[in-house]
Amino acid sequence: MTKFSNYVGRFAPSPTGDLHFGSLVTAVASYLRARSQNGKWLLRIEDIDQKRNQKGSIYSILKTLEMHGLEWDDEIIYQSQRSEIYRFYLNYLNEKKLIYKCSCSRKKLINYYKNLQTMEYIYPGVCRNKEIENKDFSTRIKAFNTFNIKFTDNIQGSIEQNLEKEVGDFVLWRNENIASYQLAVVVDDEIQGITEIVRGSDLLFQTTRQIYLQKCLNFKTLNYAHIPILLNKENQKLSKQTKAEPLKNLNAKENICKILNYIGFEEFIINYLNKNSKNSIELINNSVPYFDLSKINKVISVQFE
Ligand code: GLU
């Protein structure tokens with residue numbers, strides 16, 4: 001039986017379509033990081049928003065991971081089955097008087113300032129002291145400006161944000177009666193015992209919210225490493241919306257070599273690994289000792305060739 005260290009990493013895709021090259025870069029980087037620390041690598045399917053889920057994409061994501069030799073540990077967690085757990089923590093925050101009901105519609109939000117880094121509206125707490133009779137409401141957490149939230153990202157360096165000024169009170173429970181991404185991700189990372197999150201830098205400025213929530217819930221704060229996201233020729237993030245091509249599983253070895261190049265492996269090492277690995281499973285696992293987080297480009301995004 002494998003003896004793991006205390007390191008626990010994870011990959012948490014939303015099943016909104018097939019994996020594309022950008023999402024596989026995140027999977028490979030988090031896998032190699034976890035294995036190079038002798039840690040576990042867990043898989044969580046973030047399928048809470050049923051309207052965005054695409055039929056067949058869970059199967060396709062798992063297949064792509066398997067074909068690229070990315071073997072996860074323990075059972076897969078599905079967020080769609082965990083509403084009661086998220087509700088429990090929401091109630092805890094309610095007892096601490098940290099949350100409130102908000103009946104502001106999306107349309108109303110456009111009256112507020114926008115944070116140009118995240119392109120999100122900064123909600124100034126309009127409903128904080130209102131009695132909400134309306135049945136259609138979301139639940140927000142009060143983001144008090146008592147301190148700036150700071151953390152040191154293991155790739156991007158020092159990050160600091162003032163939640164009240166730069167984010168505002170954010171949603172924990174959506175008006176469709178489901179937990180928000182922020183609440184679900186923080187609760188699951190704690191329950192799964194994650195020690196470090198390696199993910200795309202499009203989520204870098206969501207992290208301060210997650211650290212604030214961890215503090216409100218008395219959870220421990222995790223380590224973070226945000227890898228550069230890949231942009232297409234029009235400078236858009238590779239995604240299904242920007243018509244990123246789905247991956248070809250039959251080219252798994254070739255895909256991995258290309259990814260190793262993006263995450264800082266030198267060319268002669270990639271050639272050596274490729275030559276000495278019979279298949280993708282061997283290739284990914286032979287790469288583990290050569291993985292070095294400090295070699296990853298310390299930028300927010302890179303152009304995809
Ligand atoms: N489910 C998110 C996504 O697919 C990732 C969330 C996370 O890594 O925290 O973009």
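Keep in mind that what you see is a predicted model, and the values were worked out from it rather than measured. Worth knowing before you read on, the calculation uses all heavy atoms, side chains too, and leaves out hydrogens, waters and symmetry mates. Counting starts at 1 for both ligands and their atoms, in listed order.
- Not a single protein heavy atom sits closer than 4.0 Å to atom 10 (O) of ligand 1.
- The ligand atoms of ligand 1 that sit less than 4.0 angstrom from a heavy atom of Leu203 are 5 (C), 6 (C), 7 (C), 8 (O), 9 (O).
- Atoms of ligand 1 found under 4.0 Å from any heavy atom of Arg199, numbered from 1 in the order shown, are 7 (C), 8 (O), 9 (O).
- Within ligand 1, counting atoms from 1 as listed, the ones closer than 4.0 Å to a heavy atom of Val185 are 9 (O).
- Protein heavy atom in closest approach to atom 5 (C) of ligand 1: Ala12 O, 3.4 Å.
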### Task
Report the C-alpha distance between Gln210 and Tyr181 in whole Å, list the side-chain angles of each, state the deciding distance to 0.1 Å, and finish with yes or no for side-chain hydrogen bond (donor to acceptor under 3.5 Å, both in side chains).
CA-CA 10 Å; Gln210 294 171 19; Tyr181 158 67; 3.2 Å; yes

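- Partners of Asn276 by side chain to side chain contact (heavy atoms under 4.5 Å, CB included), not counting sequence neighbours, listed by chain and number: Tyr272.
- The protein heavy atom nearest to atom 6 (C) of ligand 1 is Glu46 OE1, 3.3 Å.
- Protein heavy atom nearest atom 7 (C) of ligand 1, with residue, atom name and distance: Arg10 NH1, 3.3 Å.
- Contact record, Leu70 with Ala27: CD1-CB, 4.1 Å, taken as the closest heavy-atom pair.
- Using a 4.0 Å heavy-atom cutoff, Phe11 is absent from the residues neighbouring ligand 1.
- Lys253 pairs by the salt bridge (Lys or Arg N to Asp or Glu O under 4.0 Å) definition with nothing, not counting sequence neighbours.
- Seen from the ring of Trp72, Arg44 does not count as a face-on cation partner, given the 6.0 Å and 45° thresholds.
- Phe291 does not carry Arg35 over the face of its six-membered ring by the limits of under 6.0 Å from the centre and within 45° of the normal.
- When only interatomic distances are considered, the shortest N/O to N/O separation between Pro13 and ligand 1 does not fall below 3.5 Å.
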### Message
Run Asp188 and Gln192 through side-chain hydrogen bond (donor to acceptor under 3.5 Å, both in side chains) and show every step you take.
### Response
CA-CA 6 Å; Asp188 286 342; Gln192 291 191 286; over 6 Å; no

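- Listed by atom number, the atoms of ligand 1 under 4.0 Å from Ser14 heavy atoms are 1 (N), 2 (C), 3 (C), 4 (O).
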